[in-house]
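Counting starts at 1 for both ligands and their atoms, in listed order. The model shown is predicted, which means the values in this text are computed figures rather than measured ones.
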Amino acid sequence: MTASLVDKYGIDEKVREERKAFLSLTHTDEKTAGELLRWFAQIAPQMIDDFYQHLQSHPNTAQFLKEPKLFERLKREQLRYFEELVSGEYGQDYFERRLRVGERHQQIGLEPRWYLGAYNLYIQFCFPEFARRLGAEVPPELMALLKVILLDISLTLEAYFAASTEQLQHRNDELERALHMYFETELKAQQYAKLAGHEIRSSLNAIAHACEEVVVDFGDKIPTEALETLKDANDRCWQVMRVVERILSQPEQAGMSTWVSVNELLEEVSGRLNLYSVDKDVELILLDEPIRIWADPVSLREVFANLVSNAVRHLDKPNGRIAVEHRFSGKLHIFCVSDNGPGIPPDLQDRIFQPFFLAPSSKERGGKGLGLYFVRRIIEQHGGTVWIESVTGQGSRFSFSLPVEPLLSLPIDESDDADDSTSR
Ligand code: HEM
């Protein structure tokens, strides 16, 4: 339904009466104007024909009348409009339809000067015609004066519109300037944040390496508790560095997939191995072929880091062995991280990917039970699945699949625990 224009422009009965009063348009006037309706049928057809002939002979107005169907409809509309003009009824409906004409003209880009100029045709045609039927004659001086009056109105209105448009343009310019300043400030803030991020990252890097050096060089000389504290501090450094790195890699790109060399990610994970395996003898076997996949590098590195550090943490044999393998299965990459650790009892295997699940041995090591859960979430977000095969006493093999073809967008996770993704 079309919204009422009288409501839109706040033209209620009071406003209507005010306007009529200012024009001194009395009820008697309305009735008197309505007396002209009896000659409408005699005057209207010729007047409308002349009207459109005139509009078609002027390029400024002819450009709106190229469509023959529209032309016919407009003629009908004009007849109705003219009939209403001499109907003697100038209430709410009359106001509504006049406002609609104004909006329609504005929509098609017809300037008020052409509308007013065309109104002159009405006046010039129907005034003498009505006068003659009333037994009178309109002197040419008055007809000329009416033209001048319409010229005045159209010029003054033009200035009104131009001034309003200028004012709007001015406000628009100010708004644009304000927006520009906002974006400039925003950009500067981003640059500062980036600078601060780099500073934080390099400081954390230095601290993490200092911790690692102390652990490597003096690991056997410092008390176990101090060693644990150093390892915790190092872990924390790496965690914060990952967060900073994610922010630095452009907010709009954080978490986004790209082509990633899995070998490079594994090299980074391997670089951290001496930390996980400070008091253990561990052999880490990496991929022997180059593999590139479509993934979020930061998240995927965490998947490998989690699986490898888990395997190291739980190793119970003097010679630990952890291997990362890859194979294709149809349209999927399959990655496996296997170890010769204690294995996971069958009754726990279903639960280890749940949040806050802690195997009895992890509890002793102060784990939070979130590592494998994050692994599952990350892999699922990449369109893959994760699973485990394990033989108690012999070792475990964690596998996950990832699509070979790039996913256009990461699937939206609608599971109950979707909110937990923010804690990654
Ligand atoms: C006395 C002056 C004029 C009157 C009384 C008048 C009246 C009207 C009316 C009643 C409508 C229909 C509005 C609606 O859709 O509800 C209309 C629309 C229109 N008028 Fe005028 N008009 C006048 C001047 C002009 C002039 C000078 C032109 C220029 C050629 C023009 C071109 C149009 C066009 C193109 C439409 C839109 C038709 C559509 O697409 O629906 N009018 N006018």
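Heavy-atom contacts of Y119 reach the following atoms of ligand 1: 1 (C) (cutoff under 4.0 Å). Below 4.0 Å from some heavy atom of L65 lie the following atoms of ligand 1, by number and element: 30 (C).
For atom 24 (C) of ligand 1, the closest heavy atom belonging to the protein is H105 CE1, 3.6 Å. Here the heavy atom of the protein found nearest to atom 27 (C) of ligand 1 is W114 O, 3.5 Å. For atom 35 (C) of ligand 1, the nearest non-hydrogen atom of the protein is I108 CD1, 3.2 Å. Looking at atom 16 (O) of ligand 1, its nearest protein heavy atom turns out to be R100 CG, 3.9 Å. Atom 30 (C) of ligand 1 has T61 O, 3.2 Å as its closest protein atom, hydrogens excluded (heavy atom only). The nearest heavy-atom contact from the protein to atom 5 (C) of ligand 1 is Y81 CE2, 3.1 Å. Among protein heavy atoms, atom 31 (C) of ligand 1 sits closest to L110 CD2, 3.7 Å.
Considering backbone and side-chain atoms together, R104 places an N or O closer than 3.5 Å to an N or O of ligand 1.
With a 4.0 Å cut-off on non-hydrogen atoms, Q78 touches ligand 1 through its side chain and not its backbone. For Y115, heavy-atom contacts with ligand 1 shorter than 4.0 Å involve the backbone as well as the side chain. Proximity of R73 to ligand 1, defined as any heavy-atom pair under 4.0 Å, is confined to the side chain (atoms from C-beta onward).
Not a single heavy atom of F82 sits less than 4.0 Å from an atom of ligand 1.
Within a 6.0 Å radius of CZ in R38, other residues, nucleotides and ligands contribute more than 12 heavy atoms. Remark: E158 CD is packed, more than 12 non-hydrogen atoms of other residues, nucleotides or ligands lying under 6.0 Å away.
When only modelled atom types and interatomic distance are considered, H170 and E174 share a side-chain donor-acceptor pair under 3.5 Å.
Which of L99, V101, L85, L79 comes nearest to atom 9 (C) of ligand 1 through a heavy atom is settled by distance: it is V101. Of the listed residues (L70, N60, L74), the one carrying the non-hydrogen atom nearest atom 19 (C) of ligand 1 is L74.
Without hydrogens or angle criteria, S338 side chain to I322 main chain gives no donor-acceptor distance under 3.5 Å. Distance alone, capped at 3.5 Å, is enough to place a donor-acceptor pair between the S401 side chain and the T385 backbone.
Taking the six-membered ring for Trp and the full ring otherwise, Y9 and F95 have centroids separated by 6.0 Å or more.
Using a 4.0 Å cut-off between charged nitrogen and carboxylate oxygen, R100 and E96 count as a salt-bridge pair. The existence of a salt bridge linking E72 and R76 is excluded, since no basic side-chain nitrogen approaches an acidic carboxylate oxygen closer than 4.0 Å. In summary, K8 and E103 engage in a salt bridge, as defined by a charged side-chain N under 4.0 Å from a carboxylate O.
In this structure the side chain of L402 never reaches within 4.5 angstrom of the side chain of W294, judged on heavy atoms.
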